[in-house]
Visitor: 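I'd like to ask you about the structure that follows.
Any value given below was found using the heavy atoms of this structure, including those in side chains, with hydrogens, waters and symmetry copies removed. For clarity, every value in this text was computed on a predicted model and none was experimentally measured.
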Amino acid sequence: MAPQTYILFSLAADAILIAILLFLWARQRSEWHALLWAGGQLALSLGSASWVLGEHASMHYLIAATSLCGAVAGFVGGTEYFLGKLQRRHLRPLMLACGLGVIGLYGLWEGQPLRAEWLTATMLGVAMVWSGLRLAMHRNRYRFLGMALVVRGLYNLANSLGWIPPDYESWFVYSIAIKTTCVLCLIHAVQEKIRHRYVHTIDSLSSGFLIHDGSGLIQVANERCATLLGRANAAALIGTHVVEQRLFESRDAAAAYFRRFEAAHGAYPFIETATIALENSQRVPLELIASPYIESGQLYCMVQLFDISERQKKDALLHRAAHHDPVTGLLNRHGLIQALELLLQQARPGDCALFFIDLDRFKRINDTFGHETGDHLLCQFAQRLQGPLPANALVARFGGDEFIIVLPCAGEAMARMVGQRILDAVATPFSLPQQALSVSASIGVACHPQHGASADVLIRNADIAMYEAKKTGRSQLRFFDDDMTAHAREALIIDGALREAIARDELRLLYQPIVTADGGRLRKVEALLRWHSAQLGTVPPDRFIAVAEDSELIVDLGHWVLRQACRQLAQWDGAMGELVISINVSARQLLDSAFIDQVRSALDEHQLPARRLELELTERVLLDDTDKVQVALSRLSALGVSLSLDDFGTGYSSLAYLARFRLDTLKIDRSFVMQIEHGERGHNLAATIVSMGRSLGMEVVAEGVETAQQAAILQAMGCHYLQGYHIARPMEAQALALSFSASGRW
Ligand SMILES: Nc1nc2c(ncn2[C@@H]2O[C@H](COP(=O)(O)O[C@H]3[C@@H](O)[C@H](n4cnc5c(=O)[nH]c(N)nc54)O[C@@H]3COP(=O)(O)O)[C@@H](O)[C@H]2O)c(=O)[nH]1
């Protein structure tokens with residue numbers, strides 16, 4: 001072969017080597033060592049070509065000097081750079097030294113060709129051996145490249161020592177063989193580097209990672225993946241099927257899953273969860289995020305695996321917090337509605353009973369003993385509730401003192417039995433840190449499906465029934481019926497219309513005389529509220545007052561009555577003597593913080609002395625919040641208004657109120673008055689009340705007196721005042737003034 005052909009082969013090998021190095025550098029600009037090695041190789045190639053073909057002596061020395069400096073700088077600098085010993089900032093001084101070296105060597109060799117060739121070959125040999133050894137010793141994956149460089153350097157040294165026969169043919173054959181080896185080693189090194197980077201990257205992932213092919217065989221996996229799947233190492237996974245690793249239950253399930261990739265049309269990744277049963281019987285919940293890709297026409301899938309046990313624990317805690325009440329540990333409103341809806345969605349939900357339970361007067365306990373005691377009571381109450389219940393019952397704290405129980409598969413009979421057991425369980429006093437407390441509960445029951453098909457309706461109807469239970473005396477169990485809804489609906493309508501009543505001037509007061517029992521002198525009048533609604537017509541007071549008492553509305557109505565009654569009393573003054581006006585006061589109104597000021601300013605506005613106003617309170621009012629009521633009554637007494645206990649005998653523990661509160665007047669309820677003519681028992685009862693009132697220093701009024709005989713008996717008993725249809729019905733202010741005789745008698 002002609003020498004030119006050898007030169008061409010040699011240059012081609014050099015060019016490939018340089019191209020690979022430049023490619024490496026171009027792909028990743030931080031790999032400056034590749035650029036330096038490429039520069040060194042280029043200098044060397046140019047030098048070799050010039051040495052073989054060199055004809056002009058001067059040019060030959062210049063090229064030899066450049067090639068020597070370039071090659072030494074390139075190989076040594078590149079290696080140092082690769083090993084991290086050389087920084088980018090050193091490159092400029094290195095180039096400068098290289099340039100100076102070229103000039104120096106050129107001057108040194110001028111006219112000494114043999115010495116120049118010897119020095120070039122020796123220096124290059126030393127630089128290559130040194131670089132090769134550094135590389136081979138530093139990184140395993142550069143071992144072959146390093147060794148090839150050492151061989152190449154040794155060949156150069158052998159050449160400079162004249163051990164290589166000076167014929168082109170063998171020189172080029174060796175040279176090309178060594179360069180080709182270098183190219184192959186470099187390719188190997190690059191491949192190793194890429195593989196190492198890839199393995200390092202996937203191993204450094206905090207998640208498990210695997211790639212499987214379209215048939216489910218695992219091709220790549222990282223160590224984390226092996227740990228998650230309970231295998232010794234990643235190698236143990238390679239070549240196994242995803243089904244063997246329990247990511248899918250069966251090959252069919254896996255195949256169905258792979259088919260989804262084809263159908264998904266790019267809507268990736270797929271997020272699935274799987275629970276892996278490890279050999280130590282531990283179960284690990286995993287989240288799998290899978291993205292398919294096509295490589296060489298084959299489907300592959302990259303899967304990331306995350307251990308979600310911690311996340312699931314946190315989710316469970318959050319779920320618990322969102323669905324349970326922190327005080328009692330029972331389901332909360334949200335949790336109950338979800339569970340109930342689930343129950344009702346079952347194919348055949350069948351009968352079930354929903355109990356709406358409300359603790360009677362819990363607010364009072366909270367205000368008196370504090371919220372901590374209130375919480376203790378709620379916890380104990382919650383435990384007691386669960387006592388009589390079957391295991392499948394849902395128990396929830398629905399609001400402050402409201403509880404709901406759902407009994408699946410329970411008809412009305414069963415519900416009645418369980419409801420009674422709950423009332424019994426609650427009846428025993430609760431032992432709280434400070435003291436034992438007796439409480440009661442009111443229970444409303446709605447049954448599925450007859451009282452509602454949905455959770456909302458059942459709860460609403462049971463609530464209505466509970467409200468009825470409360471109204472009829474607390475500690476009761478009431479089943480929902482349709483009349484209750486009609487009643488509740490009517491209450492809503494009344495409430496809406498009543499809110500406009502004052503502004504529309506639809507209210508007025510009637511006045512019923514209260515006269516002395518002996519002589520029939522008019523002493524007091526009771527103001528009674530009437531409402532004629534433009535929308536509803538005349539609404540009886542016991543209907544609209546009950547509705548108003550359920551909201552703050554009664555406070556506004558009561559204030560209106562107070563001002564109106566005082567205004568009327570002032571208007572009568574002079575014509576009717578020193579009358580006392582009596583008005584009814586509801587619990588909310590009495591406990592309203594503005595009430596006492598309202599009383600004071602109503603009296604002041606009409607210059608009335610406080611003794612001219614009497615406030616009628618029912619036992620219900622006194623029952624509501626004893627301490628606050630006591631404070632309010634003391635302040636009213638201090639103001640000088642008189643206080644009257646209305647409907648006496650119809651409440652709960654009447655005698656206790658007489659002892660506890662300082663009251664001026666006692667009104668015997670109509671129900672006792674009705675009985676005084678019909679037998680000794682009724683007579684004696686009324687007589688006892690009259691004498692008790694008198695002995696406590698109270699004025700006694702009998703209300704509902706309808707006959708002359710009743711009036712006579714009551715007078716004989718020592719009753720101070722009479723009120724009722726026998727004397728007069730409630731009437732307009734003007735009518736009352738007209739009926740009043742000049743003698744002051746009725
Ligand atoms: N908080 C407020 N409550 C009020 C006010 N105005 C009335 N009310 C209460 O509404 C209930 C019904 O009152 P009303 O229909 O006015 O009935 C009163 C009398 O008309 C009735 N009465 C009087 N004498 C007789 C009688 O001989 N027979 C008979 N069958 N009924 C009679 O009694 C009612 C007065 O009762 P009382 O208040 O207990 O003295 C009623 O509870 C009112 O209290 C208001 O402004 N605020």
Visitor: For Ser671, is there any backbone N or O sitting under 3.5 Å from a side-chain donor or acceptor partner on Gln675?
Guide: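 Such a contact is found between Gln675 side chain and Ser671 backbone.
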Visitor: Taking all heavy atoms of Lys628 and all of Leu591, pick out the closest pair and write down the distance.
Guide: CB-CD2, 3.6 Å
Visitor: Can you tell if the side chain of Leu529 reaches within under 4.5 Å of the side chain of Ile583, non-hydrogen atoms only?
Guide: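 Answer no - side chains too far apart.
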Visitor: Can Phe355 and Val418 be said to form a side chain to side chain contact (heavy atoms under 4.5 Å, CB included), step by step?
Guide: CA-CA 10 Å; Phe355 296 70; Val418 172; 4.2 Å; yes
Visitor: Taking it one step at a time, do His726 and Thr707 satisfy side-chain hydrogen bond (donor to acceptor under 3.5 Å, both in side chains)?
Guide: CA-CA 5 Å; His726 170 63; Thr707 65; over 6 Å; no
Visitor: Side chain of Asn332, backbone of Gly335: donor and acceptor closer than 3.5 Å?
Guide: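 Answer holds: yes.
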Visitor: Side chains of Gln535 and Ile493, heavy atoms from C-beta outward: is any pair under 4.5 Å?
Guide: yes
Visitor: Verify whether one side chain among Ser442 and Asp358 offers a donor that lies under 3.5 Å from an acceptor in the other.
Guide: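 Per modelled atom types, Ser442 and Asp358 side chains form no pair under 3.5 Å.
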Visitor: Check this for me: Met674, atom CE, are more than 12 non-hydrogen atoms of other residues, nucleotides or ligands nearer than 6.0 Å?
Guide: no
Visitor: Between Glu614 and Ser582, do the side chains contain an N or O donor and an N or O acceptor separated by less than 3.5 Å?
Guide: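 Side-chain D/A pair, Glu614 to Ser582: present.
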Visitor: Should Arg588 and Glu552 be marked as a salt bridge (charged side-chain N to carboxylate O under 4.0 Å, His left out) after you check the CA-CA gap, both sets of side-chain angles, and the distance that decides it?
Guide: CA-CA 7 Å; Arg588 270 184 205 266; Glu552 293 299 319; 2.9 Å; yes
Visitor: Got Val621 and Val585 here, is their nearest side-chain heavy-atom distance under 4.5 Å?
Guide: no
Visitor: Check whether Tyr725 forms a cation-pi arrangement with Arg729 (NZ or CZ under 6.0 Å from the six-membered ring centre, at most 45° off the ring normal).
Guide: yes
Visitor: Looking only at heavy atoms, which two atoms of Leu666 and Met698 are closest? And how far apart?
Guide: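 Scanning both residues, the minimum pair turns out to be CB-CE, 3.9 Å.
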Visitor: Compare all side-chain heavy atoms of Leu615 with those of Phe595 and state whether any distance is below 4.5 angstrom.
Guide: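 Yes. Closest side-chain heavy atoms under 4.5 Å.
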Visitor: Within the 4.5 Å heavy-atom criterion, are Met717 and Arg694 side-chain neighbours or not?
Guide: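 A side-chain contact is absent here, since even the closest heavy-atom pair is not under 4.5 Å.
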Visitor: Got Thr665 and Leu643 here, is their nearest side-chain heavy-atom distance under 4.5 Å?
Guide: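 No, too far: nothing below the 4.5 Å cut-off.
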Visitor: State the CG-CD1 distance between Leu685 and Ile676, to the nearest 0.5 angstrom.
Guide: 11.0 Å
Visitor: I'd like to know if the side chain of Gln512 reaches the main chain of Ala728, judged simply by a donor and an acceptor atom lying under 3.5 Å from each other, with no hydrogens or angles considered.
Guide: yes
Visitor: Restricting to non-hydrogen atoms, name the atom on Leu509 and the atom on Ala565 that form the minimum distance, rounded to 0.1 Å.
Guide: CD1-N, 3.8 Å
Visitor: Is a side-chain donor or acceptor of Glu506 paired with a backbone partner of Ala534 at a separation under 3.5 angstrom?
Guide: yes
Visitor: Charged N to carboxylate O under 4.0 angstrom, Glu706 versus Arg670?
Guide: no
Visitor: Between Arg397 and Val327 (side chain of the first, backbone of the second, donor and acceptor by atom type, cut-off under 3.5 Å), is there such a pair?
Guide: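 Here the side-chain-to-backbone pair does not exist.
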Visitor: Check whether any side-chain heavy atom of Ile404 lies under 4.5 Å from a side-chain heavy atom of Leu331, and answer yes or no.
Guide: no
Visitor: To the nearest 0.5 Å, what is the distance between CZ (Arg635) and CG (Leu590)?
Guide: 11.0 Å
Visitor: From Ser642 OG over to Arg662 CZ, what is the distance, rounded to the nearest 0.5 angstrom?
Guide: 10.0 Å
Visitor: Measure the acute angle between the ring planes of His323 and His334, then classify it against the limits of 30° and 60° as parallel, tilted or perpendicular.
Guide: tilted
Visitor: Do His376 and Phe430 make a side-chain contact, defined as non-hydrogen atoms from C-beta onward lying under 4.5 Å apart?
Guide: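 No; the side chains remain at least 4.5 Å from each other.
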Visitor: Is Gln710 reaching over with its side chain to a backbone N or O of Glu677, donor-acceptor style, under 3.5 angstrom?
Guide: no
Visitor: What's the verdict on side chain to side chain contact (heavy atoms under 4.5 Å, CB included) for Val547 and Glu490, showing C-alpha distance, side-chain angles and the deciding distance?
Guide: CA-CA 10 Å; Val547 173; Glu490 188 201 47; over 6 Å; no
Visitor: Does the gap between the ring centers of Phe356 and Phe398 come in under 6.0 Å?
Guide: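 Centroid separation for Phe356 and Phe398: below 6.0 Å.
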Visitor: Can you label the angle between the Trp572 ring and the Tyr511 ring as parallel, tilted or perpendicular, going by 30° and 60°?
Guide: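 If you compare the ring of Trp572 with that of Tyr511, the planes turn out perpendicular.
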Visitor: Would you give the length of the straight line joining atom CG of Leu617 to atom CG of Leu633, rounded to the nearest 0.5 angstrom?
Guide: 6.0 Å
Visitor: Give a yes or no on whether the backbone of Ile514 and the side-chain of Arg523 come within a donor-acceptor separation of less than 3.5 Å.
Guide: no
Visitor: Looking only at heavy atoms, what is the nearest atom pair of Leu714 and Ala702, with distance?
Guide: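 Closest approach of Leu714 to Ala702, heavy atoms only: CD1-CB, 3.5 Å.
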Visitor: Does His606 use its side chain to pair, donor to acceptor, with the backbone of Cys566 at less than 3.5 Å?
Guide: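 Not confirmed, His606 side chain does not pair with Cys566 backbone.
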Visitor: Tell me, please, which residues at least two apart from Ser551 pass side chain to side chain contact (heavy atoms under 4.5 Å, CB included).
Guide: Asp495, Arg499, Leu553
Visitor: Could you please spell out the steps behind the side chain to side chain contact (heavy atoms under 4.5 Å, CB included) verdict for Leu432 and Phe369?
Guide: CA-CA 10 Å; Leu432 301 176; Phe369 301 106; over 6 Å; no
Visitor: Could you tell me which non-hydrogen atom of Ala441 sits nearest to which non-hydrogen atom of Leu423, and how far apart they are?
Guide: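 Smallest interatomic distance, heavy atoms only, reads O-CD2, 3.4 Å.
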Visitor: Strictly distance-based, threshold 3.5 Å: is any side-chain N or O of Gln386 a donor or acceptor partner for the main-chain N or O of Ala382?
Guide: yes
Visitor: How far does OG1 of Thr516 sit from NE2 of His720, to the nearest 0.5 angstrom?
Guide: 11.0 Å
Visitor: Report yes or no: do Thr618 and Asp647 form a side-chain donor-acceptor pair below 3.5 Å?
Guide: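 Distance-only check fails for Thr618 and Asp647.
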Visitor: Take Arg460 and Asp463, measure what salt bridge (charged side-chain N to carboxylate O under 4.0 Å, His left out) needs, and give me the verdict at the end.
Guide: CA-CA 5 Å; Arg460 194 188 62 216; Asp463 188 14; over 6 Å; no
Visitor: Using the side chain to side chain contact (heavy atoms under 4.5 Å, CB included) rule, take Asp360 and Lys470 through it: C-alpha gap first, then chi angles, then the decisive distance, then the call.
Guide: CA-CA 8 Å; Asp360 297 330; Lys470 252 196 200 314; 2.5 Å; yes
Visitor: Got a donor-acceptor contact below 3.5 angstrom from the Asp481 side chain to the Met484 backbone?
Guide: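 Yes, Asp481 side chain to Met484 backbone: donor-acceptor pair under 3.5 Å.
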Visitor: Looking at CG of Leu608 and CG of Leu613, how far apart are the two atoms once the value is rounded to the nearest 0.5 Å?
Guide: 8.5 Å
Visitor: Can you name the nearest heavy-atom pair linking Gly577 to Asp573, along with the distance?
Guide: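 Closest pair (atom of Gly577, atom of Asp573, distance): O-OD1, 3.8 Å.
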Visitor: What side-chain hydrogen bond (donor to acceptor under 3.5 Å, both in side chains) pairs are there with at least one residue in residues 561-571, not counting sequence neighbours?
Guide: Gln564-Arg567
